[in-house]
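To keep things clear, I will list the structure first and then write my remarks on it.
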Amino acid sequence: MPDYGRDLLFGAFITPSASPPQRAVELAQTAETAGLDLAAFQDHPYQPRFLDTWTLLSYVAARTTRIRLATDVLNLPLRQPAVVARSAASLDLLSGGRFELGLGAGAFWDAIAAAGGDRLSPGEAVTGLEEAIRIIRGIWDVSAGTPLRVEGSIHRVDGAKRGPAPAHGVGTWLGAYKPRMLRLTGELADGWFASLGYLPGGPGELAGLNARIDDAAAGAGRSPSAVRRLLNISGSVTSAGLLAELALDYGISGFILASDDATDLARFGAEVAPAVRDIVAEARDAVDLPHAPGA
């Protein structure tokens, strides 16, 4: 796939471990000191080993000043969309515009049901995600003159008051692999989260997944470059040359290192990220590639 010309982001995917409780916060601070752009946290509200993700994000926002924060990805079946909208806007306002909202349709349905959530079929889960995006963005749209009404089959609001608006245009980034989710990503999302470890075919599998997103974006009248592509990677995949290849050949513009090792995060920010940026910038200059907007 071609390079979409997006600015490059480098981040840390940090485990929200409850013990010791300050460890995830300290790692986010390490990531910020190392110059990384993003600290991302998974969300599994049924998991007693983990801190609550919203609470952790708020605490990290208060203990950092520059690094952006994201959910990677939020467990929507246990989060009411209108409340998600206000939580996300509140965090973005309090952090000075540093939050991005990663959303997932849901997984681990036994655990979700045990925690009181509805057990949804795969089709229902995708429908629910699409409805939730409409609700979340509708709550943020304070310029609309009427209360929000969305009559969905999974999620609905009937006259919800709008606001507050986020401090900046919060990105809606979806975790997606299946055809319908990829289509939804291309049609509506601002970004796409994938994990290299979930691709049995390796990086080459990105080409087909990207193509589905691109086709859906074009069908919706959008530029494929409007969808940022972010990849969760492991510590064994931090070669600057390999990451530059993923950016130039597969359009990846966000690399999120899954590591709870402060040394790994420091090296990723101080050494790997600048090297990748240099390689990609040189390649883009050689072909005079026009650059797409940033976030």
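Below, each value reflects all heavy atoms present in this structure, side chains not excepted, and no hydrogens, waters or symmetry copies.
- Taking the side chain as every heavy atom from C-beta outward, L103 and T71 never approach each other to under 4.5 Å.
- Looking only at side-chain heavy atoms (C-beta outward), L199 and Y177 come within less than 4.5 Å of each other.
- Taking CG of L74 as the reference point, atom CG of D43 lies at 4.5 Å (rounded to 0.5 Å).
- Atom CG of L9 sits about 7.5 Å away from atom CZ of R277, to the nearest 0.5 Å.
- Cluster annotation: L174 is connected to Y250 through the hydrophobic network of ILVMFWY side chains, with a link wherever side-chain heavy atoms come within less than 4.5 Å.
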- prompt: When you look at W192 and L209, which way does the side-chain contact (heavy atoms from CB on, under 4.5 Å) test go after all the steps?
  reply: CA-CA 10 Å; W192 171 51; L209 300 175; 3.7 Å; yes
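- Looking at D72 and N232, their side chains come closer than 4.5 Å, going by heavy atoms from C-beta outward.
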query: Given the rule in the side-chain contact (heavy atoms from CB on, under 4.5 Å) test, do I139 and L148 qualify, once you have shown the distances and angles that lead to the verdict?
result: CA-CA 7 Å; I139 293 289; L148 177 64; 3.9 Å; yes
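- Between R229 and T185, the side chains place no donor N or O within less than 3.5 Å of an acceptor N or O (distance only, hydrogens not considered).
- The CZ atom of F10 sits 12.0 Å away from the CG atom of L38 when rounded to the nearest 0.5 Å.
- Between the E100 side chain and the R68 main chain, no donor and acceptor come within less than 3.5 Å of each other.
- Atoms CD and CD, on E131 and E151 in that order, are 9.0 Å from each other to the nearest 0.5 Å.
- For the pair L101 and V84, the minimum side-chain heavy-atom distance is below 4.5 Å.
- Between S17 and R23 the shortest side-chain heavy-atom distance does not fall below 4.5 Å.
- Looking at heavy atoms from C-beta onward, T146 lies in side-chain contact with R162 at the 4.5 angstrom threshold.
- A donor and an acceptor atom, one from each side chain of D260 and T15, are located under 3.5 Å apart.
- Taking the side chain as every heavy atom from C-beta outward, E124 and D118 never approach each other to under 4.5 Å.
- Taken together through direct or relayed side-chain contacts under 4.5 Å among Ile, Leu, Val, Met, Phe, Trp and Tyr, V157 and L188 form parts of separate hydrophobic clusters.
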Side-chain polar contacts of residues 261-273 - donor-acceptor pairs under 3.5 angstrom, sequence neighbours left out - could you list them?
unit_1	atom_1	unit_2	atom_2	d
D261	OD1	T263	N	2.8
D261	OD1	D264	N	3.0
D264	OD2	S259	OG	3.3

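- Note on R228 versus D37: no salt bridge recorded, every NZ/NE/NH1/NH2 to OD/OE distance being 4.0 Å or above.
- Looking only at side-chain heavy atoms (C-beta outward), S58 and L94 stay at 4.5 Å or farther from each other.
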message: Is there a side-chain contact (heavy atoms from CB on, under 4.5 Å) between R180 and T127? Walk through the geometry before answering.
response: CA-CA 10 Å; R180 189 178 166 202; T127 296; 2.8 Å; yes
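- Linking ILVMFWY residues whenever their side-chain heavy atoms come closer than 4.5 Å, directly or via other members, places L196 and M181 in the same cluster.
- Both Y198 and L129 are assigned to one and the same hydrophobic cluster, defined by single-linkage of ILVMFWY side chains at heavy-atom distances under 4.5 Å.
- Within the 3.5 Å criterion, the main-chain N or O of T64 finds a donor-acceptor partner in the side chain of R98.
- Salt bridge status for R79 with D52: present, with a side-chain N to carboxylate O gap under 4.0 Å.
- Judged by distance alone, the side chain of R66 and the main-chain N or O of L36 form a donor-acceptor pair under 3.5 Å.
- With sequence neighbours left out, the ring pair (Phe, Tyr, Trp, His ring centres under 6.0 Å) criterion links W54 to F99.
- The pair D215-R183 does not meet the salt-bridge criterion, since no charged nitrogen lies less than 4.0 angstrom from a carboxylate oxygen.
- Annotation: the span from R134 atom CZ to D141 atom CG amounts to 13.5 Å, rounded to 0.5 Å.
- Not one N or O on the side chain of S195 forms a donor-acceptor pair closer than 3.5 Å with the backbone of G197.
- Shown here are the side chain to side chain donor-acceptor pair (under 3.5 Å) partners of Q42, two or more places apart in sequence or in another chain: H44.
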- request: Applying side-chain contact (heavy atoms from CB on, under 4.5 Å), run through Y46 and I112 and close with a yes or a no.
  value: CA-CA 7 Å; Y46 41 75; I112 289 171; 3.8 Å; yes
